[in-house]
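To start, the structure itself, in structure tokens.
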Amino acid sequence: IAKHLFLQRSWLQKTLERTGKPVIIWLYEPYFSVVVSPWSPQTVETWFNAIDQALGNGPQRALWFADLGALTAFLDHLSLDLAGGPLPEPEQATTLAPIVERLLARKTAIAWGVVPVTAEGLTRTTVGRLAARFEAWVEALAAAGIPSMDVLSASLIMPEDSLAYLEPAEAERALALTAELASVLRHSYGVD
């Protein structure tokens, strides 16, 4: 499976690069936390070797987590260019600050899944609400000892999860909100 994922990611990367735009192909598995659990049928080393092989040595080694708390074990075994997941609640900043510090020290970019990926969430949200939610997270990390500009300079703004279950118009709305939110945040923090 790891070799198949590597080949699939390589093909997709080459195909999308023809558009002339930057491309990131994420390796996403919402159950990564099982890898390091006692319920895993394989050893942790077997899983990390498979994930490492699936990531390959391509232009970006990008891993998406359903829960950023599961990232700790991966940092001990894998080299990543990008790590991402849904934006945590500000109350989790104290717990997750050591993980964010390790990512920043390793010069790993962090993708924060902020934009909702449900039809209802997309209907009810505004860029202002999303920006306030992200700003609350950055402020919580600052209170935990991580300078805001360090976080911001390593951040990407993303949808919370896959857009695969949205209708095309809804997926386009999610992407438009993501671009608008990123622009608002860059402007408000003065980050280029």
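What's counted below: heavy atoms across the whole structure, side chains too, no hydrogens, waters or symmetry copies. Just so you know, these numbers come straight off a predicted model, no measurement behind them.
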Can you get from L5 to W11 by hopping between Ile, Leu, Val, Met, Phe, Trp and Tyr side chains that sit under 4.5 Å apart? no
For residues 52-59, tabulate all N or O donor-acceptor pairs below 3.5 Å that involve a side-chain atom, not counting sequence neighbours.
from, atom 1, to, atom 2, distance (Å)
D52, OD1, R61, NH1, 3.3
D52, OD1, R61, NH2, 2.4

Hydrophobic cluster membership, with links at side-chain heavy-atom distances under 4.5 Å among I/L/V/M/F/W/Y: are L78 and I25 in one? no
List in chain and number order the residues that pass side-chain hydrogen bond (donor to acceptor under 3.5 Å, both in side chains) with T178, two or more places apart in sequence or in another chain; answer none if no residue qualifies. none
From F65 CZ over to Y28 OH, what is the distance, rounded to the nearest 0.5 angstrom? 11.5 Å
To the nearest 0.5 Å, atom CG of L156 lies from atom CG of L82 at 6.0 Å
State, yes or no, whether a side-chain contact exists between M149 and V191 at a heavy-atom distance under 4.5 Å. yes
Please determine which of L96, L63, L103 meets the side chain to side chain contact (heavy atoms under 4.5 Å, CB included) test together with L71. L103
Have a look at P159 and tell me which of L177, V117, V114 forms a side chain to side chain contact (heavy atoms under 4.5 Å, CB included) with it. V117
Parallel, tilted or perpendicular: which fits the ring planes of F48 and H77, with parallel below 30° and perpendicular above 60°? parallel
Under the salt bridge (Lys or Arg N to Asp or Glu O under 4.0 Å) test, residues paired with E120 that sit two or more places apart: R124
Rounded to the nearest 0.5 Å, the OG1 atom of T95 sits from the CD atom of E89 at a distance of 12.5 Å
Check whether any side-chain N or O of S155 sits under 3.5 Å from a backbone N or O of V151 as a donor-acceptor pair, and report yes or no. yes
Separation between OH (Y189) and CD (E135), nearest 0.5 Å, reads 4.0 Å
Drop me the distance from W112's CH2 to L130's CG, to the nearest 0.5 angstrom. 15.5 Å
Do I110 and L104 make a side-chain contact, defined as non-hydrogen atoms from C-beta onward lying under 4.5 Å apart? yes
Looking at CD1 of I24 and CZ of R9, how far apart are the two atoms once the value is rounded to the nearest 0.5 Å? 11.0 Å
S153 side chain to D150 main-chain N or O, any donor-acceptor pair under 3.5 Å? yes
Please determine if R133 and E160 form a salt bridge, counting it only when a charged side-chain N lies under 4.0 Å from a carboxylate O. yes
Please check this pair: side chain of T123 against backbone of A119, looking for a donor-acceptor N/O pair closer than 3.5 Å. yes
Is there a donor-acceptor pair under 3.5 Å between the side chain of R106 and the backbone N or O of L75? yes
Any salt bridge linking R102 with D76? Criterion: basic side-chain nitrogen under 4.0 Å from a carboxylate oxygen. yes
